[in-house]
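Down below is the structure, laid out as structure tokens.
Numbering of ligands and ligand atoms starts at 1, following listing order.
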Amino acid sequence: MKTSIEILTPKTLTEILGILSERQEILTLIAGGTDVITGLKQESKRFKDTEVLVDVNHVPELKEIKHMPEKITIGAAATFSEIYNNSIVSNELPILKKAVSTIGSMQIRNRATIAGNFVNNAPCADTVPALLVYNATIEIESMNSKRETYLQEFLQGPYKTQLKKDEVVTKINIPVPTKSFTGDFYKLGRRRAVAISRITLAVLMELKENKINKIRIASGSVTPIGTRFPELEIFAMENDVNDNLFKTLASRMGEEIIKITGLRWSSAYKLPVVQQMFYQLLKGIERRSL
Ligand SMILES: Cc1cc2nc3c(=O)[nH]c(=O)nc-3n(C[C@H](O)[C@H](O)[C@H](O)COP(=O)(O)OP(=O)(O)OC[C@H]3O[C@@H](n4cnc5c(N)ncnc54)[C@H](O)[C@@H]3O)c2cc1C
């Protein structure tokens with residue numbers, strides 16, 4: 001690990017943007033540091049040029065969680081503990097609440113932030129499937145620009161995103177889900193705590209007159225990055241709801257994953273588990289929707 005790294009602690013967003021506009025090639029943003037510090041210690045190529053860390057934790061607006069009329073906004077530097085304990089998240093975003101509750105340990109959740117999770121974009125980033133089914137968008141700023149993009153478009157590949165060196169993620173926007181939606185999140189790890197996900201699934205759906213009126217399905221870990229399944233979602237909405245539909249969906253989920261990843265040594269184990277997890281998720285959501 002490098003022996004000396006400068007740490008800057010800007011107090012406003014404008015200060016962060018000013019710093020990023022000037023010395024971007026040697027700068028790395030740091031929030032909770034649970035990925036950055038590990039990466040620096042392991043001499044990861046991603047952080048090889050880092051000479052200065054810019055701490056985003058001292059800007060209050062990057063921590064706010066707000067309920068607007070149409071959307072919920074979550075500050076990029078909100079920690080998982082802050083998100084878990086927030087009443088807006090508890091009332092409106094139960095899938096996200098469940099996803100953050102599975103992350104690391106209490107100590108990690110007290111430090112680690114939501115933007116750090118999806119900017120790092122590990123295949124096993126647990127908030128990603130939850131944010132994908134909520135159709136989350138993210139706001140990104142640099143000194144000279146401000147843009148909003150769907151999280152799905154922002155994520156480009158394992159550990160790769162659209163983020164440019166002079167940009168910072170400021171917030172996550174989630175359209176307020178209607179009350180007719182029910183959903184769930186499931187994580188499979190090798191143990192119950194401080195476990196890297198092997199498989200994560202998130203589903204949000206609305207049942208109406210024995211049909212799936214709307215459904216959003218996302219996975220993590222079992223695909224190279226968090227992914228939605230548009231073809232499966234369309235198929236799900238064309239058929240009557242019954243046990244057969246759920247079994248067919250579970251089987252097709254397996255096929256979709258193989259399409260993305262190809263057959264691997266772990267497929268013999270992961271596929272039936274994904275299919276069973278997905279079936280159980282759908283059955284559970286159906287039960288709670290009735
Ligand atoms: C012991 C341990 C257990 C873990 N368990 C889990 C787990 O169960 N599930 C899981 O998903 N992850 C887990 N992680 C990984 C990690 O905790 C998460 O990915 C976390 O969300 C990273 O957030 P952070 O604030 O610590 O990010 P940091 O390490 O500070 O930053 C990560 C990346 O995001 C960038 N970044 C941070 N904030 C911004 C911003 N506002 N704008 C632009 N770029 C930004 C940084 O430059 C860096 O590239 C674990 C890590 C450890 C060490």
* **Best match, Ile138, Val194, Val59, Val169: closest heavy atom to atom 41 (N) of ligand 1** => Val169
* Is it the case that Ser142 and Ser145 place a side-chain donor and acceptor less than 3.5 Å from each other? -> yes
* Any idea which atoms of ligand 1 are less than 4.0 Å away from a heavy-atom of Ile103? -> 6 (C), 7 (C), 8 (O), 9 (N)
* If you draw the axis of the six-membered ring of Phe246, does the NZ or CZ of Lys283 fall within 45° of it and under 6.0 Å from the ring centre? -> no
* Asked: How far is atom 16 (C) of ligand 1 from its nearest protein heavy atom, and which residue and atom is that?
  -> Thr34 OG1, 3.2 Å
* Asked: Should the proximity of Thr127 to ligand 1, defined as any heavy atom under 4.0 Å, be assigned to the side chain, the backbone, both, or neither?
  -> neither
* Asked: Quick one: does Lys187 get within less than 4.0 Å of ligand 1, heavy atoms only?
  -> yes
* Structure fact -> The closest protein heavy-atom partner of atom 12 (N) of ligand 1 is Asn117 ND2, 3.7 Å
* Looking at Lys259 and Glu231, does any basic side-chain N land under 4.0 Å from a carboxylate oxygen? -> yes
* Consider ligand 1: state whether an atom of it lies below 4.0 angstrom from any non-hydrogen atom of Phe118. => no
* Determine if the distance from atom 29 (O) of ligand 1 to the closest protein heavy atom is below 4.0 Å. => yes
* Asked: If you count the atoms of ligand 1 from 1 in the order shown, which ones are under 4.0 Å from a heavy atom of Gly32?
  -> 24 (P), 25 (O), 26 (O), 30 (O)
* Structure fact -> In ligand 1, the atoms that come under 4.0 Å of a heavy atom of Ala31 are 25 (O), 30 (O), 37 (C), 38 (N)
* Considering only protein heavy atoms, which is closest to atom 21 (O) of ligand 1, and at what distance to one decimal place? -> Thr113 O, 3.0 Å
* To do: For Gly104, counting its heavy atoms only, list the atoms of ligand 1 lying under 4.0 Å from any of them.
  => 5 (N), 6 (C), 7 (C), 8 (O)
* Asked: Taking 4.0 angstrom as the limit, do Arg23 and Glu6 come out as a salt bridge?
  -> yes
* Quick one: does Cys124 get a heavy atom under 4.0 Å from ligand 1? -> yes
* To the nearest 0.1 Å, how far is atom 33 (C) of ligand 1 from its closest protein heavy atom, and which atom is that? -> Gly116 O, 3.9 Å
* Asked: Which one of Asp35, Leu53, Leu40, Ile108 has a non-hydrogen atom at the shortest distance from atom 3 (C) of ligand 1?
  -> Ile108
* Asked: Within the distance-only criterion (no hydrogens, no angle test), does the side chain of Thr227 pair as donor or acceptor with the backbone N or O of Ile225 below 3.5 angstrom?
  -> yes
* Would you confirm whether Thr200, through its side chain, and Gly220, through its main-chain N or O, come within 3.5 Å as a donor-acceptor pair? => yes
* To do: Give a yes or no answer on whether the side chain of Glu256 reaches the backbone of Arg252 with a donor-acceptor pair at less than 3.5 Å.
  => no
* To do: Check each atom of ligand 1 against the heavy atoms of Thr28 and keep those under 4.0 Å away; list them by number with element.
  => 47 (O)
* Asked: Which ligand 1 atoms does Ala125 reach within 4.0 Å, using its non-hydrogen atoms?
  -> 11 (O)
* Structure fact -> atom 49 (O) of ligand 1 sits nearest the protein heavy atom Phe47 CE2, 4.0 Å
* Flag for Thr161-Gln156: side-chain donor and acceptor within less than 3.5 Å -> no
* To do: Report the member of Asp126, Val168, Val128 with the shortest heavy-atom distance to atom 11 (O) of ligand 1.
  => Asp126
* Taking only heavy atoms of Ala76 into account, list the atoms of ligand 1 that are under 4.0 Å away from them. => 41 (N)
* To do: Tell me which protein heavy atom sits closest to atom 35 (C) of ligand 1, plus the residue, atom name and distance to 0.1 Å.
  => Val119 CG1, 3.5 Å
* To do: State whether the shortest distance between N or O atoms of Val36 and N or O atoms of ligand 1 falls below 3.5 angstrom.
  => yes
* Asked: Between Arg109 and Thr79, is there a donor-acceptor pair closer than 3.5 Å when you use the side chain of the first and the backbone of the second?
  -> no
* Check: Thr73/Lys66 side-chain N/O donor and acceptor closer than 3.5 Å -> no
* Asked: Checking Arg216 against Phe181: charged group under 6.0 Å from the ring centre and within 45 degrees of the axis?
  -> yes
Under 3.5 Å, sequence neighbours excluded: what are the donor-acceptor pairs made by side chains of residues 116-136?
from	atom 1	to	atom 2	distance (Å)
Asn117	OD1	Thr127	N	3.1
Asn117	OD1	Thr127	OG1	2.6
Asn120	OD1	Arg46	NH1	2.9
Asn120	OD1	Arg46	NH2	3.3
Asn120	ND2	Asp35	OD2	3.2
Asn121	ND2	Gly157	O	2.9
Asn121	ND2	Lys160	O	3.1
Asp126	OD1	Ser197	OG	2.4
Asp126	OD2	Lys187	NZ	2.7
Asp126	OD2	Ser197	OG	3.3
Tyr134	OH	Ile95	N	2.9
Asn135	OD1	Arg228	NH1	3.0

* Asked: Which atoms of ligand 1 have any heavy atom of Ile30 under 4.0 Å away?
  -> 30 (O)
* Structure fact -> Contacts of Pro224 meeting side-chain contact (heavy atoms from CB on, under 4.5 Å) (sequence neighbours excluded), chain-then-number -> Pro158, Ile260, Thr261
* atom 46 (C) of ligand 1: nearest protein contact (heavy atom, Å) -> Leu29 O, 3.1 Å
* Just checking, any donor-acceptor pair under 3.5 angstrom between side chains of Asn242 and Asn244? -> no
